[in-house]
Amino acid sequence: MIDSAKLLYVNLSDKTTRTEFLPGETYRKYPGGSALGMYLLFHNIRAGTDPLSPENPLIFTVSPLTGIPISGQSRMCVTTKSPLTGTAGDSQVGGYIPAQLKGNGYDAVIFTGKAETPVYLYIDKDNVELRNASHLWGKITGDTERQIEEDLGTDKIECSLIGPAGENGVLYANIMHRRSRANGRNGTGAVMGSKNLKGLVVKRQPPVRPADPDGMKKLTLNVKERMAANEAIVDLAKNGSAGVVGAHDVEGFLPSFNWDSGILEGARNLYGSTMRRTILSGNDTCFGCAIRCKREVTIPEKADPYYGGPEYETIATFGSYCGVNNLEDVCEANQYCNMYGMDTISCGATIAWAMDCYDKGILTKEDTDGLDLRFGNSSLFPELLKKIAYREKGIGELLSMGSVRAAKLVGKGAEELVVATKGQEWPAHMVQMKPNLAVNYAVNNFGADHQSSEHDPALMAPDDDQNWIWPNMLASFEKCDSYGVLDANKSKFALETQKYYSMMDSLCLCQFVWGPAWQMYGPQELVDYCKYGIGWDTSIEEHQEIGERRINMMRMFNVREGFGRKDDKLPPKAFLPMPDGPNEGAHITKEDFDKALDAYYDYAGWDRETAAPKPETIERLGLEWISELS
Amino acid sequence: MDIRIIVNNKEMAVPPGTAVTGLLDLAGYNCRVAIWINGSQLLGSEYDTRCLEEDDVVKILRLVAGG
């Protein structure tokens with residue numbers, strides 16, 4: 001069963017805290033993570049609120065499953081109104097703080113208001129304190145963490161912190177945990193900085209115990225065999241998410257030169273296998289996880305394993321997007337982003353956009369403070385990242401606002417070169433290869449996101465492969481036998497797997513471990529986990545409805561903020577045929593996209609013109625209460 | 001003498017008796033793939049046993065997910 005949720009409210013303006021309990025029957029509808037975050041956001045914000053004002057709440061949530069020792073359960077969601085997109089803001093982080101926040105007894109921490117001077121919140125079960133952070137303000141993430149450990153006299157803590165980028169209002173500033181894990185997207189770090197809130201710090205506690213330990217063993221005792229039997233998991237453990245670089249490269253779908261190509265000469269230098277053979281110095285993991293996909297790299301004078309190592313997305317955005325095949329420079333950029341607290345996807349993609357402008361003469365050295373911003377020039381990353389993090393007047397301030405806002409300021413055709421939706425830069429999966437992502441990137445409520453639906457290749461998998469069998473436990477799909485196909489089947493696939501991923505972001509599960517296709521545990525095993533872990537008798541159908549409810553809450557939030565079909569769009573570069581490589585010519589058309597979007601709205605129960613949920617959809621999901629809010 | 005097959009629109013020669021898994025090794029595939037031979041998709045369980053024949057037209061697509 002799902003017990004009541006313990007909520008910790010922290011009013012930063014008057015420095016008061018209080019706890020409340022959300023009844024179990026309500027918690028079951030919004031069972032943690034992003035769903036609970038949206039429920040609480042609606043109850044703590046008014047329409048039209050400035051994201052960087054004290055009136056925008058910042059909400060950390062975990063779930064009823066968090067902290068029960070099994071792979072892929074230690075995730076924490078941050079919900080707020082995004083300063084980058086203006087939409088409902090949402091971002092997930094792994095590591096140890098999720099399990100430890102739950103271990104301290106809390107399901108959510110809701111920050112409201114703004115502190116007069118910098119503070120951080122310290123939680124040791126019922127001992128909750130706002131502590132002075134004036135001496136931490138201005139410090140990079142790693143130095144902040146070390147100082148807090150020294151101040152508290154212990155390293156038995158877990159921290160989520162902002163760096164200078166969050167303090168300075170970089171619109172894609174993130175919240176860093178253990179220097180290498182991030183609530184990365186949507187600029188949640190800028191919201192935190194606007195509140196004079198440096199960090200959330202929790203004391204480590206004993207792990208949460210499952211309701212049925214013997215039942216849990218059915219899922220955990222055979223974990224080595226599960227991993228060994230799954231090629232995708234074997235590769236993830238071996239090469240991290242960077243294993244994807246090679247697969248995209250050989251197919252000619254590694255987004256390069258700000259999305260003008262899928263080919264980067266020398267891309268092999270960026271492969272996960274190259275990283276493993278050259279600079280990898282450790283495999284890190286999250287609480288209770290057997291896969292150990294996190295990378296730690298060591299490069300003298302450039303990269304300290306204290307700041308981890310790059311994920312696939314970082315390698316792509318600072319690498320191929322920027323025409324860079326120098327892995328060491330990419331690792332260095334990754335480290336600076338982690339030190340300053342900036343989302344590597346939006347940051348790298350914004351730099352790639354600027355390089356594209358420079359290449360086309362839209363930006364010149366007069367605009368770049370003299371920096372030679374040509375594709376491939378990775379030597380400028382350290383200087384440029386510092387300028388961005390500190391929002392130095394000139395190119396730093398321009399790029400600190402993200403590519404969409406920057407392009408509007410620059411003009412001269414710069415907007416045509418932007419690859420973003422709803423103000424958020426695209427992750428590194430090409431829609432010419434994975435057209436279902438064209439629909440997902442367009443409709444996703446907090447901007448383009450690669451972890452909000454399953455990717456198209458699952459629809460190509462053999463009939464006896466879990467990649468085909470598991471998605472079809474959610475709904476029935478048609479087989480696809482080539483890249484570039486965008487039709488109603490893909491729209492259905494986008495929506496149904498989006499519901500599933502939405503549910504996982506609510507139950508705070510890692511999408512590399514739990515999922516509907518290639519992952520280690522599938523839909524039925526998640527149902528079993530809910531039963532053994534917390535005694536919750538649930539079903540795949542209930543999970544899908546939870547995911548759908550959260551998607552619709554976000555959509556209703558966005559509609560209230562003025563978003564509609566006009567915002568569910570693709571940038572011009574999405575329609576470019578692949579110019580070269582083994583899949584030269586692969587493309588999607590605007591006509592097929594428009595039809596697929598209509599089909600998505602129909603499947604979702606949304607109005608085709610407004611892109612808003614229809615009244616019957618709202619009623620079916622029990623969300624009428626939202627329209628009754630002021 | 002090698003037999004000739006077409007793999008992703010390119011001609012390729014493989015030894016007689018080469019199974020699909022052998023072809024994947026020869027062609028440098030080291031990840032999960034979907035395979036069609038002469039328009040029919042193979043089951044994953046057939047990769048070890050299905051031997052290639054002269055003039056087979058093979059399509060191989062990598063199953064690349066998120067990251």
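The figures here come from the full heavy-atom set of this structure, side chains too, leaving out hydrogens, waters and symmetry mates. The sequence lines fix the lettering, A, B, ..., with proteins before strands; numbering per chain opens at 1. This is a predicted model, so every value here is computed, not measured.
When heavy atoms are compared at a cutoff of 4.5 Å, A:Ala232 approaches chain B by way of both its backbone and its side chain. For a residue to count as touching a neighbouring chain, one of its non-hydrogen atoms must lie under 4.5 Å from one of that chain's; by this rule B:Lys10 does not touch chain A. Of the two parts of A:Glu311, neither the backbone nor the side chain holds a non-hydrogen atom closer than 4.5 Å to a non-hydrogen atom of chain B.
Of all heavy-atom pairs spanning A:His429 and B:Ala65, the tightest one is CE1-O, 3.6 Å. For the residue pair B:Tyr47 and A:Pro462, the shortest heavy atom distance occurs at OH-CG, 3.4 Å.
Atom CG in B:Leu42 sits 12.5 Å away from atom CG in A:Asp465 (nearest 0.5 Å). In this structure, the separation between CG on A:Asn583 and CG on B:Leu61 is 8.0 Å, given to the nearest 0.5 Å. Remark: A:Asp464 CG to B:Glu46 CD distance equals 7.5 Å, nearest 0.5 Å. Expressed to the nearest 0.5 Å, how far CG of A:Asp481 lies from CD of B:Gln41 amounts to 8.0 Å.
Interface check for chain B: of the options A:Tyr483, A:Phe512, A:Phe253, A:Trp468, the most heavy-atom pairs under 4.5 Å are formed by A:Tyr483. Taking A:Ser482, A:Ala242, A:Ala461 one by one and counting their heavy-atom pairs under 4.5 Å with chain B, the maximum is reached by A:Ala461. For the set A:Lys479, A:Gln511, A:Lys434, the count of heavy-atom pairs under 4.5 angstrom toward chain B peaks at A:Lys434.
For A:Arg226, the salt bridge (Lys or Arg N to Asp or Glu O under 4.0 Å) partners are A:Glu525, not counting sequence neighbours.
Under a cut-off of 6.0 angstrom, the local environment of CZ in A:Arg268 is sparse, with at most 12 non-hydrogen atoms contributed by other residues, nucleotides or ligands.
Of the possible polar contacts, none joining the A:Asn467 side chain to the B:Leu63 backbone as a donor-acceptor pair under 3.5 Å is found.
Partner of B:Arg62 under the side-chain contact (heavy atoms from CB on, under 4.5 Å) criterion, chosen from A:Glu251, A:His248, A:Met460: A:Glu251.
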